[in-house]
Structures are given as C-alpha cells and as structure tokens.
2 protein chains.
Amino acid sequence: MSKTPTRTSGHPVSAKRRATSRAARASDPKVVSAELPLIKLNRAERAAERRQAIIDAAMEEFISRGFAATRLDDIAKRAGVAKGTIYLHFKDKESMFEELIRTAIVPLVARMQGPPPASGTVRDLVEAFALNFIKEIATTRRGDIVRLIVAEGPRFPAIADFYYREVVSKGLAGMRAMIELGIARGEIRNANLAKFPQILVAPAMIAVIWQSLFAKHAPLDAVEMFRTHLDLIFGERRTA
Amino acid sequence: MSKTPTRTSGHPVSAKRRATSRAARASDPKVVSAELPLIKLNRAERAAERRQAIIDAAMEEFISRGFAATRLDDIAKRAGVAKGTIYLHFKDKESMFEELIRTAIVPLVARMQGPPPASGTVRDLVEAFALNFIKEIATTRRGDIVRLIVAEGPRFPAIADFYYREVVSKGLAGMRAMIELGIARGEIRNANLAKFPQILVAPAMIAVIWQSLFAKHAPLDAVEMFRTHLDLIFGERRTA
DNA sequence: TGACGATGACTGACTAGTCAGTCATAAATT
DNA sequence: AATTTATGACTGACTAGTCAGTCATCGTCA
C-alpha cells in the first residue's frame with residue numbers, strides 16, 4: 001500500500017532540463033538526416049523532420065512488437081520527441097498504425113516498378129523483377145512490413161483492403177500480363193498458370209516469411225530458390 | 001463493467017449448467033431441476049472438461065485477436081469459468097499461449113500423416129498429401145493457427161523453434177524424400193528441386209494466408225492452383 | 001445407508017500496475 | 001508580446017494475476 005498511488009509514471013530521469021531534449025538533438029548524431037550546416041530549419045522543415053523520425057521509430061516498434069504490444073512511450077523515446085508530439089501528427093495509435101502501413105507500401109511498390117522492362121525474354125523480365133523483390137524486400141527490414149500486414153491484417157480490415165487493392169491485385173495483374181506474354185511467345189508451356197499468378201510469386205513470399213521466422217535455424221538462398229522455381233515454369237536453364 | 005455480478009454463462013461454447021451454482025441458488029433454487037441430462041461427472045472428469053473449454057476458448061480468442069490483445073477475462077467468459085480457474089491450469093498468459101500452440105500442432109501434424117503412402121506415381125502421392133493439407137488445414141480454422149504462428153513467431157522464439165523442429169524440418173524432409181523419389185523414377189525433371197522443397201509447398205502456404213486475408217476480396221481455388229503447380233513440376237497432366 | 005467433516009476445485013473482488021490520450025505550461029518563433 | 005509548437009506529468013480506463021472464502025464432492029464412520 002505504501003507503494004506509489006501518487007506519481008505513478010515516474011520516469012527516473014526526470015531532471016528538470018527540458019532544454020536537454022533539444023540540445024541533445026542538436027549534438028546527438030542520431031537518426032536525423034545529415035543536415036550538414038545544421039543551420040536554421042524553418043518550422044515546416046523541422047516538423048517534417050520530426051514527423052519522419054516518429055514514423056521511422058513507430059515502424060521499428062510496430063514491426064518488432066506488433067500493434068497491441070507497442071507502447072507510444074517507446075516510439076516517442078526512440079524518435080527523440082515527447083509523447084504529446086506524436087499527437088500533433090497523428091490522431092491516435094490506431095490511425096497512426098494504418099497511415100504508417102499505407103505510406104510504407106508506396107515506396108515498397110515504387111521500388112518494384114523501378115527497373116523498366118528490359119528487353120529480353122519474358123523469363124529475364126520475371127527474373128529481374130523477382131530478384132529485385134528479393135534484394136529490396138525479402139531480405140531486408142521491409143520484408144517485415146509484409147509480415148506485419150499478414151499478422152495484423154485480419155484485425156485491421158482497412159489495411160487488408162488497402163493492401164489488396166493497392167498491392168496484391170495490381171501485382172497479380174502485372175504478373176498475369178507477364179505470364180500471358182510468356183505464353184504468347186511460347187516460353188511458358190502451361191497456359192493455366194495465367195489463372196494463378198500467385199504461383200509465380202509464392203516462393204518469394206515464402207522467402208519473406210522464412211527469413212523472419214527460420215533464418216537462424218536454416219538460412220535460405222532465396223535467389224537460387226527462385227531461379228529453380230523459374231526453371232519449373234520456363235524449362236531448365238542453361239546453367240552457369 | 002459495473003453490471004456483471006450475474007455471471008451470464010450463456011455463451012456459445014459448451015457452457016455446462018453447473019455454472020448456475022451460486023447465483024441460481026441465491027435467487028431461484030427450484031428452477032435448476034429443469035432439463036439437462038446432466039450426466040454425473042466426477043471431479044477429474046469435470047476438471048478435464050473445463051480445461052478443454054478453456055483451451056478452446058483461448059484458441060479462439062488468440063486466433064482472432066493475437067496474443068497481446070487477448071484478455072484473459074474474455075477467455076474466461078467464453079469458457080464459462082472464472083478467471084481464477086484459468087490459473088489452476090496454466091501458469092500465466094504467456095505459457096498458456098505457448099502450450100496452446102504446442103498442443104495445437106500435434107493434431108495438425110497427425111492429420112497430415114493420416115493417409116499412408118498409397119501406391120501410385122509420386123505425383124499421386126504428393127497430390128494426395130497436398131489436397132489433404134488444403135482440405136484439412138488451409139481452408140479451415142486450423143489454418144489460422146499457422147497464421148498465428150507466423151504472426152507471433154518472432155516474438156515467441158520458443159514457439160518458432162518448436163514449430164521449426166516439429167513441423168517445418170520434418171515436413172521438408174518428407175517433401176525432399178518424395179522429390180528424390182520422383183527424380184529417381186524420372187517423374188521429376190529438375191533435380192535442383194530437391195534442394196528447395198519449399199517450392200513444392202509454397203502455393204499451399206500461400207493459400208493459407210490468402211484465405212485469412214483476401215478470401216472476401218477474391219476467393220482462391222486452392223486445389224486447382226495446386227494442381228497447376230504440380231503440372232509445372234511433373235509436366236502437363238492429361239486434363240479433365 | 002445416511003450423516004458429517006475434510007478436501008480442493010472454483011469463484012470474483014481486489015491489488016498492483018500499465019498505457020493511451022490530455023492539457024497546463026514552457027519554449028520557440030513571428 | 002502574441003502565437004505557434006513541444007513537452008511530460010497526469011488521469012482514467014483497463015488488465016494480469018492473487019487469494020480468502022464458498023460449496024459440491026468424497027471418504028469415513030455410525
């Protein structure tokens with residue numbers, strides 16, 4: 001009982017130096033982008049910078065803890081801002097999470113549309129695309145975003161909907177187009193594949209999941225696996 | 001929150017009549033002797049029954065909310081027991097979760113080992129196996145357990161470890177054996193497939209995830225998809 | 001067989017703590 | 001000085017886990 005019914009959330013650090021945060025930010029070689037002169041940033045720039053810091057921190061926390069177990073206090077601390085600042089940028093935890101996933105998907109997709117359809121066989125096209133996916137997503141922190149969507153999707157229908165609409169359906173349509181091209185050119189034997197573009201990307205998705213769950217038990221050579229998969233679809237490759 | 005002294009045992013689950021004890025005795029003791037075959041169960045039997053009720057309820061809650069967002073109060077209510085009763089069977093929330101997943105995996109694996117290797121081609125073997133998987137797991141509530149493991153695995157290394165050891169590594173070994181048999185018999189052309197048994201099961205895993213995330217957006221014929229996938233591996237089938 | 005105390009399964013109010021969100025105050029900027 | 005932006009102490013709602021008490025069941029004995 002003699003516990004502390006009063007002053008509950010007493011963070012031990014409570015030194016009365018509020019300027020500290022700011023001073024620290026200035027000198028701290030933290031996350032802040034390398035603004036060389038570190039000269040005056042106007043308000044809009046600062047706000048944008050902090051917002052980004054919050055987004056980065058939140059992404060990190062959500063990825064490693066999931067939505068429910070993530071504490072806003074931790075996000076604030078990691079971002080180097082006070083908790084209240086978060087509420088200057090986001091309505092609440094939930095909409096913050098949804099907006100985060102949403103904006104995270106954009107560069108994810110953008111990254112996938114980077115390399116323009118290089119001339120060559122359809123197999124080259126698909127291979128370039130998949131290798132890009134594996135290099136940029138499956139084997140990086142970004143892959144965790146995909147896993148996060150799988151994990152939290154059922155509880156955030158808005159996210160699952162958005163993800164399906166903006167990524168899955170478009171991605172599959174693209175895959176289907178490539179498959180049909182392959183069929184038309186005679187590179188792909190099985191015409192039914194066009195009905196299930198999922199098959200084409202399945203190993204890549206598996207690689208994403210594998211990395212975050214079992215990488216430490218048994219490393220997986222995602223690139224070689226995908227090449228083998230392409231051999232099944234396009235026929236044995238010449239080898240190297 | 002204030003109005004819950006009445007105990008409301010009317011929940012969809014088993015909810016034996018026995019929960020009536022206190023409240024009913026206090027208010028209307030006579031009504032009790034209504035119907036209910038109420039087979040005599042001794043203490044041990046009852047305990048086992050309640051334990052099972054708790055397990056079922058917990059599984060349901062964990063699947064639909066995830067570990068962190070699940071409330072023990074809800075599990076208790078769904079199981080028709082008091083919260084304290086849970087602690088007669090499990091040490092705490094975390095070990096309860098781990099034990100749940102662990103015991104859930106056993107029938108999952110058992111269900112996969114049911115049909116003995118029927119005589120026939122390797123393709124028939126694999127197809128029977130996969131169709132069984134899709135029917136028994138991918139398209140049922142059990143698939144959600146798999147998704148739950150994917151979702152919570154990174155935060156429960158013990159679960160990921162166990163799952164890898166008891167399911168993944170064994171399953172892949174079995175797949176590899178089948179693939180090697182297929183190669184030896186000349187049914188499978190690409191010998192590299194034995195290096196990546198993951199490819200064989202990838203579409204089935206994708207089906208599991210698809211069902212829980214996108215089924216309502218676009219239903220997926222997992223069986224036909226898998227057959228198409230087998231065509232890639234074993235060569236075109238006669239069709240139907 | 002029936003009465004009766006012992007047992008322990010079960011209960012749920014309660015404790016101790018957590019954390020999302022608020023807001024009075026202070027710093028920075030205009 | 002006025003206004004905008006940031007802070008972090010604080011609040012209130014919520015929850016994992018506890019435990020003193022209850023009562024159905026069971027063993028024992030008349």
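Here is the naming used below: chain letters follow the sequence lines, and residue numbers restart at 1 for every chain.
The cationic group of A:Arg51 lies under 6.0 Å from the six-membered ring centre of A:Phe90 and within 45° of the ring axis, placing it in a cation-pi geometry.
The CZ atom of A:Arg51 sits 16 Å away from the C1' atom of D:dA6 (whole-angstrom rounding). Nucleotide D:dC26 holds its P atom 9 Å from the CZ atom of B:Arg46, rounded to whole Å. As rounded to whole Å, 18 Å separates atom P of D:dT4 from atom CZ of A:Arg50. Atom-to-atom, CD1 of A:Ile54 to P of C:dA20 comes out at 15 Å; the value is rounded to the nearest Å. In this structure, A:Phe62 places its CZ atom 13 Å from P of C:dC19, rounding to the nearest Å. Residue B:Leu88 contributes atom CG, which lies 13 Å from atom P of D:dC19 at whole-angstrom precision. Rounded to whole angstrom, the span from the CD1 atom of A:Ile86 across to the C1' atom of C:dC19 amounts to 12 Å. Atom-to-atom, CD1 of A:Ile75 to P of C:dC19 comes out at 12 Å; the value is rounded to the nearest Å.
A parallel orientation is assigned to the rings of A:Phe62 and A:Phe67, their planes being inclined by less than 30° (bins at 30° and 60°).
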Under the salt bridge (Lys or Arg N to Asp or Glu O under 4.0 Å) criterion, do B:Arg141 and B:Glu60 qualify, and how do the steps go?
CA-CA 9 Å; B:Arg141 205 103 188 76; B:Glu60 202 64 30; 2.9 Å; yes
Would B:Leu213 and A:Tyr164 count as a side-chain contact (heavy atoms from CB on, under 4.5 Å) here? Give the steps.
CA-CA 9 Å; B:Leu213 284 183; A:Tyr164 178 79; over 6 Å; no
Let me see the working for B:Arg155 and B:Glu152 under salt bridge (Lys or Arg N to Asp or Glu O under 4.0 Å), right down to the final yes or no.
CA-CA 5 Å; B:Arg155 239 167 314 147; B:Glu152 307 284 357; 3.5 Å; yes
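With rounding to the nearest 0.5 angstrom, the CE atom of A:Met205 is 13.0 Å from the CG atom of A:Leu200.
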List every contact pair, protein side and nucleotides 16-18 of chain D side both N or O, where the distance is under 3.5 Å.
unit_1	atom_1	unit_2	atom_2	d
D:dA16	OP1	B:Thr70	O	3.2
D:dA16	OP2	B:Leu72	N	3.0
D:dA16	N7	B:Lys83	NZ	2.9
D:dG17	OP2	B:Tyr87	OH	3.0
D:dG17	OP2	B:Lys93	N	2.9
D:dG17	O5'	B:Tyr87	OH	3.4
D:dG17	N7	B:Lys83	NZ	2.8
D:dG17	O6	B:Lys83	NZ	2.9

